[in-house]
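Structure record follows, encoded as structure tokens.
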Amino acid sequence: MSVRVLGIETSCDETAAAVVEDGNTVLSNVIASQVDLHAQYGGVFPELASRAHVEAIVPVVEKALQQAHIGWLDLDAIAVTYGPGLPGSLLVGLNFAKGASLGRGLPLIPVNHLEGHLYAHWLKTDVEGAALGNLQFPVLALIVSGGHTELILMHNFGKYEFIGGTLDDAAGEAFDKVARMLDLGYPGGPVIEKTAQQGNPRAFNFPRAWLPGTFDFSFSGLKTDVMRTLHRYHGPRPLRLTTDMAASFQAAVIEVLAVKTARAARELEATGVLLSGGVSANQALRTAVRARVNVPVYTLPLNLCTDNGAMIAAAGTFRYQAGIRAGWDLDIDPGLRLA
Ligand code: KG4
Ligand code: ZN
């Protein structure tokens with residue numbers, strides 16, 4: 001008998017729901033993005049995000065069931081992100097999931113958003129490089145998004161070790177902030193990557209925070225240096241300056257991410273590297289990591305890099321099969337860690 005899990009994700013600015021069969025087959029994956037809503041602020045506006053989730057959650061879940069061609073009675077469980085994330089946003093998904101679970105008599109499975117980003121790699125896709133098959137552990141995961149920059153060693157399903165993380169801004173946050181400084185719009189990652197292709201990555205020697213002896217990261221100094229450099233120029237900004245700054249900034253972020261990931265993979269004897277999260281959509285990052293490690297590097301199609309419900313359903317299926325259930329007192333945990 002196959003297991004069908006509905007995954008619900010509202011930890012940040014995407015209202016997402018998906019149905020996944022047997023933890024690896026995506027029957028539907030519906031996302032209502034709030035990008036246009038937050039673009040005017042150059043970043044996620046938490047209060048508006050919660051309200052947009054309230055409006056979107058019911059239609060998004062209905063669409064996920066419709067596209068999977070199933071009804072509530074065909075589900076085995078409901079998995080929901082309960083942290084980490086924005087409190088107001090998490091509450092919408094969690095309370096919807098509780099209500100549905102109570103109303104339909106389905107088990108409620110609590111999922112850590114970061115665990116979801118890891119399990120995205122076990123979803124079957126048509127794209128080369130995704131879907132792991134018979135992977136040997138341990139594998140090293142770099143989770144890089146608007147909210148996270150973490151190196152996690154996965155010893156087995158459900159068994160994680162924290163290796164390093166950002167001390168200040170997340171990598172994606174730095175992309176978003178620098179894009180705003182350069183008047184490139186939001187979200188910053190894709191537009192900086194595109195702009196950087198026209199620029200010289202060696203035009204500006206922006207600082208790299210190596211933080212020796214650790215696998216931690218820091219991007220706030222880099223961001224401040226970009227700002228300081230920008231303030232040296234007055235008047236209309238030539239296109240060349242924007243492209244060179246985008247390229248030099250991106251090179252600084254990627255070099256530190258790639259070097260530290262490669263060093264950790266080597267020292268911890270990982271059998272593979274998983275790249276997850278919105279920033280892992282960046283082709284230059286993928287190329288830089290691949291150039292530095294001598295084990296396979298697994299990447300995801302774009303819609304599974306960024307936040308989605310399928311990854312929550314996949315992680316939820318594993319937890320469902322492990323017998324994990326949430327009580328009705330399950331609360332959000334905005335600062336939840338993976339290890
Ligand atoms: O995983 P995600 O959808 O949401 C969070 O959990 O934060 O990641 C969104 C982040 C944004 O900061 C966005 O600028 C960044 O991922 N991003 C990228 C690229 N595409 C998205 N950063 C660098 N290069 C990209 N191509
Ligand atoms: Zn995420």
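The shown structure was predicted, so the numbers you read here are calculated from the model rather than taken from an experiment. Atoms within each ligand, like the ligands themselves, are counted from 1 in listed order.
Side-chain contact between Q198 and T242 is absent, with no heavy atoms from C-beta onward closer than 4.5 Å.
Per-residue contacts place T306 under 4.0 angstrom from the following atoms of ligand 1 (heavy atoms of the residue considered): 1 (O), 3 (O). Here is the list of ligand 1 atoms found below 4.0 Å of a heavy atom in H117: 1 (O). Listed by number with element, the atoms of ligand 1 under 4.0 angstrom from any heavy atom of E193 are 25 (C), 26 (N). Per-residue contacts place G147 under 4.0 angstrom from the following atoms of ligand 1 (heavy atoms of the residue considered): 7 (O). Set against the non-hydrogen atoms of G172, the atoms of ligand 1 under 4.0 Å away are 12 (O).
Between the side chains of S248 and Q250, no donor-acceptor pair is found at a separation under 3.5 Å. Side chains of T271 and Q136: no donor on one and acceptor on the other come within 3.5 Å.
Coordination check, C12 versus the Zn ion (ligand 2): failed, since every N/O/S atom of the residue sits at 2.8 Å or beyond. Between the Zn ion (ligand 2) and H148 there is no N/O/S contact shorter than 2.8 Å.
Regarding atom 24 (N) of ligand 1, its nearest protein heavy-atom neighbour is N282 ND2, 3.0 Å. From the protein, the heavy atom lying nearest to atom 22 (N) of ligand 1 is G189 CA, 3.2 Å. If you check which protein heavy atom lies closest to atom 11 (C) of ligand 1, you get D176 OD2, 3.6 Å. The protein atom (non-hydrogen) at minimum distance from atom 17 (N) of ligand 1 is G278 O, 3.5 Å. Of the protein's non-hydrogen atoms, V279 CG2, 3.9 Å is the one closest to atom 15 (C) of ligand 1. Taking atom 4 (O) of ligand 1 as the reference point, the nearest protein heavy-atom neighbour is D307 OD2, 3.3 Å. Residue, atom and distance of the protein heavy atom nearest to atom 10 (C) of ligand 1 are G146 N, 3.4 Å.
Taking the ring centre of Y186 as origin, the terminal cationic atom of R180 falls outside the region bounded by 6.0 Å and 45° from the ring axis.
Counting just the N/O/S atoms of D307, the one with the shortest distance to the Zn ion (ligand 2) is named OD1.
Atom CG of N29 and atom CG of N308 lie 5.0 Å apart (nearest 0.5 Å). Note that the CZ atom of F215 and the CD atom of E267 stand 4.0 Å from one another [nearest 0.5 Å]. Note that CG of L75 and CZ of R104 are 9.5 Å apart. Values are rounded to the nearest 0.5 Å. Note that the OG atom of S50 and the CZ atom of F45 stand 10.0 Å from one another [nearest 0.5 Å].
If you put the vertex on the Zn ion (ligand 2), NE2 of H113 and NE2 of H117 sit 90° apart, to the nearest 10°.
For Q34 (side chain) and A49 (main-chain N/O), a donor-acceptor pair under 3.5 Å exists by modelled atom type. A distance-only check finds no donor-acceptor pair linking the side chain of H148 to the backbone of P84 [under 3.5 Å].
One finds a salt bridge joining E115 and R319 here, because a Lys/Arg side-chain nitrogen approaches an Asp/Glu carboxylate oxygen to under 4.0 Å.
Note: no N/O pair closer than 3.5 Å links F175 and ligand 1 by distance alone.
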